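Written below as structure tokens is the structure these notes are about.
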Amino acid sequence: MAEVILMPRLSDTMTEGVIAAWHKKVGDAVKKGDLLAEIETDKATMELESYQDGILLHIGTPTGGKLQVNDLLAIFGKAGEDVSALVAQHAGGAATAAPATPAPAAPAPATAAAPAATPAINPASMEEVVLMPRLSDTMTEGVIAAWHKQVGDAVKKGEILAEIETDKATMELESYKDGVLLYQGAKAGEKIQVNDLLCIIGKPGLDVAAIAAAIAGGAAPAASEPAAATAAPAPVAAPAAPVAASVVNEGRIFASPLAKKMATEKGIDLRYVKGSGDNGRITKADIDNYTPAAASAPVASATPASVAIPAAPAGQVSFEDVPVSQMRKTIARRLSESLFTAPHFYLTMTIDMDAAVAARGKINETAPVKISFNDMVLKAAALALKQHPKVNSSWLGDTIRINHHINIGVAVAVDEGLLVPVVRFADGKSLSQIGTEVKTFAQKAKDKKLQPSDWEGSTFTISNLGMYGIDQFTAIINPPDACILAVGGIAQVPVVKNGQVVPGNIMKVTLSCDHRVVDGATGAAFLQTLKSLLEEPLRMLV
């Protein structure tokens with residue numbers, strides 16, 4: 001008897017999943033433990049294994065499609081078994097079940113039906129179509145940073161297809177099938193909305209113009225497709241090669257993550273390294289074969305040019321318009337929503353850091369990793385949150401979620417903006433563990449290697465600008481957290497102790513609170529606990 005498989009809840013906050021890839025097709029025999037599909041959740045892309053044997057008779061949505069939790073994902077049974085009744089039952093009626101029958105046969109009539117009538121095509125059911133995936137929980141659109149394959153190139157499963165700049169990082173997109181790249185939905189540098197047509201990978205002869213027109217809802221894209229095809233053979237990065245003999249790469253530099261890491265370790269400037277990969281992409285071999293001596297002379301000649309560029313005649317208006325990056329767009333949107341929807345109020349407290357300064361010096365004499373003051377603040381905040389759970393809460397509209405776990409986000413500045421990786425279960429970690437984790441996250445953020453699982457799920461956030469000489473500031477709450485702690489620098493100032501004026505180390509912290517969740521007395525009590533822990537650091541080690 002046929003058995004229905006529903007979309008599972010693969011994370012605690014998941015409400016829907018996107019099918020990143022099907023690893024089995026309708027009609028395939030599936031064994032228990034076989035990889036059935038890859039499902040993109042709100043936290044990560046996860047592999048779904050089959051928990052039974054059988055023949056895959058029906059899939060609820062093709063690659064790129066969305067399903068709500070508990071919607072029909074697949075049906076298993078015996079070869080030839082009629083599952084139309086089950087499809088209709090879970091689709092809510094025969095009207096929605098109708099497309100299920102022709103779905104397996106869609107690839108066969110696609111080329112014949114496309115020229116005759118565009119509406120007859122159902123591109124969503126065609127596995128040749130690749131839609132822009134949602135690569136982060138807040139992503140709404142992506143920018144094509146670079147194409148690693150051009151129209152007409154053969155593509156194999158697992159090869160890097162493109163680099164996509166999201167609101168959080170630039171990520172490499174791998175192909176999940178073999179074929180020929182027949183169509184690109186946008187050129188390098190252009191934007192594509194999530195679930196819009198990214199590219200088409202299939203066999204030569206497929207009518208890509210009709211498919212593109214059907215997805216766009218009209219014939220307009222059919223005319224633009226040849227334009228994209230003619231533009232494709234002339235990559236945007238091509239003119240960079242014949243520039244001056246000194247600088248090989250100008251503007252955005254394309255290199256593999258390993259090549260970037262090796263270049264940083266060896267002190268190699270990637271502007272002078274010629275890439276041997278697709279579209280001039282720098283690989284590990286290029287770094288291994290690079291001779292720094294060749295760049296020593298050109299560096300001097302390049303310096304005057306770089307100095308001369310920003311110069312402008314005296315008295316003349318001069319400016320440069322810089323396109324807004326995906327990360328900056330998301331920062332602007334999310335923090336504007338936070339500031340204008342959450343009623344912020346601020347509490348500032350001065351903390352005597354004399355004991356913390358002394359304790360840090362002793363700890364670092366034996367600690368396996370150097371402990372920073374930020375690590376100590378993070379640990380103290382985690383322990384204080386344990387005593388004041390209302391500060392460790394989230395506003396959800398009709399409910400307030402009081403989190404029993406303590407996941408602290410640490411704001412990390414990168415060139416494009418700000419990322420907030422999360423130290424999970426911080427209250428149960430030692431100072432050495434926290435220090436190691438924060439340093440690892442900071443490096444991954446700068447290398448653009450953070451994954452969605454690294455920055456999701458915070459319950460409280462800390463932003464520290466003390467290392468920049470900032471004494472005090474206020475921060476905007478990072479939703480859905482209810483509070484954020486802004487930490488200033490430690491300054492030596494005259495203080496009164498035991499009736500005498502003596503030098504002391506003080507640090508100012510400001511707690512930004514969402515008044516819908518946290519009241520003034522609650523926030524003040526949290527800061528008192530934080531202050532007591534930092535002024536007597538031994539209490540954190542108990």
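Note that the structure is predicted; figures quoted are calculated from it, not measured. Sequential numbering from 1 along the given sequence is applied to the chain's residues. Worth knowing before you read on, the calculation uses all heavy atoms, side chains too, and leaves out hydrogens, waters and symmetry mates.
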- Message: According to salt bridge (Lys or Arg N to Asp or Glu O under 4.0 Å), does anything in residues 531-542 pair up with another residue at least two apart or in another chain? List the pairs.
- Response: K531-E535

- Residue pairs meeting salt bridge (Lys or Arg N to Asp or Glu O under 4.0 Å), one or both in residues 378-387, sequence neighbours left out, come to K386-D427

- Roughly how far apart are I371 CD1 and I363 CD1, rounded to 0.5 Å? 7.0 Å

- Query: What pairs with K444 under side-chain contact (heavy atoms from CB on, under 4.5 Å), at least two apart in sequence or on another chain?
  - Reply: T440, K449, L450, D454

- Item | T436 side chain to S432 backbone, donor-acceptor under 3.5 Å | yes

Taking distance alone, no hydrogens or angles, what donor-acceptor pairs closer than 3.5 Å link side-chain atoms of residues 475-487 to residues at least two apart or in another chain?
unit_1, atom_1, unit_2, atom_2, d
D481, OD1, S458, OG, 3.3
D481, OD2, S458, OG, 3.1
D481, OD2, F460, N, 3.4
D481, OD2, T461, OG1, 2.7

- Message: Any non-hydrogen side-chain atom of K66 less than 4.5 Å from a side-chain atom of N195?
- Response: yes

- About how many Å separate CD of Q193 and OG1 of T140, when rounded to the nearest 0.5 Å? 6.0 Å

- For L378 and A426, the nearest pair of non-hydrogen atoms, with its separation, is CD2-CB, 3.8 Å

- Message: Among residues at least two apart in sequence or on other chains, which ones pass salt bridge (charged side-chain N to carboxylate O under 4.0 Å, His left out) with K329?
- Response: E141

- Query: So how far is it from T522 OG1 to K390 NZ, rounded to the nearest 0.5 Å?
  - Reply: 5.0 Å

- Task: Determine yes or no for a side-chain-to-main-chain donor-acceptor pair under 3.5 angstrom, with N392 supplying the side chain and N403 the backbone.
- Result: yes

- Those residues at least two apart in sequence (or on a different chain) that pass side-chain contact (heavy atoms from CB on, under 4.5 Å) with Q472 are T348, K508, T510

- K429: partners by salt bridge (charged side-chain N to carboxylate O under 4.0 Å, His left out), with sequence neighbours left out: E437

- Item | Criterion side chain to side chain contact (heavy atoms under 4.5 Å, CB included) on L198 and I164, from CA distance to verdict | CA-CA 11 Å; L198 177 63; I164 298 176; 4.3 Å; yes

- May I ask you to decide if K370's main-chain N or O and K439's side chain share a donor-acceptor pair within less than 3.5 Å? yes

- I331: what forms a side-chain contact (heavy atoms from CB on, under 4.5 Å) with it, not counting sequence neighbours? M327, R328, L335, L418

- Non-hydrogen side-chain atoms of F441 and V410 separated by less than 4.5 Å: no

- Message: Suppose the criterion is salt bridge (Lys or Arg N to Asp or Glu O under 4.0 Å): which pairs have a residue in residues 483-500, not counting sequence neighbours?
- Response: D352-K497, D354-K497

- Message: Using a 3.5 Å distance criterion without hydrogens, assess whether the side chain of T459 forms a donor-acceptor pair with backbone atoms of N407.
- Response: yes

- For D269, salt bridge (charged side-chain N to carboxylate O under 4.0 Å, His left out) partners two or more places apart: R271

- Task: Would you mind listing every ring pair (Phe, Tyr, Trp, His ring centres under 6.0 Å) that reaches into residues 343-379, with sequence neighbours excluded?
- Result: F345-H515

- Message: Before you tell me yes or no, could you show the steps for V502 and V495 under side chain to side chain contact (heavy atoms under 4.5 Å, CB included), namely the whole-Å CA-CA distance, both residues' side-chain angles and the distance that decides it to 0.1 Å?
- Response: CA-CA 5 Å; V502 296; V495 297; 4.0 Å; yes

- If you round to the nearest 0.5 Å, how far is CD1 of I406 from CZ of R424? 14.0 Å

- Which residues satisfy the side-chain contact (heavy atoms from CB on, under 4.5 Å) test with E159, sequence neighbours excluded? K149, V155, K156

- Item | Nearest non-hydrogen partners of V69 and P8, listed with the distance | CG2-O, 4.3 Å

- Heavy-atom check, side chain of L511 versus side chain of V518, under 4.5 Å: no

- So CE of M132 and NZ of K191: to nearest 0.5 Å the spacing works out to 12.0 Å

- Message: Tell me whether D514 contacts the main-chain N or O of R516 through its side chain, where contact means a donor paired with an acceptor under 3.5 Å.
- Response: yes

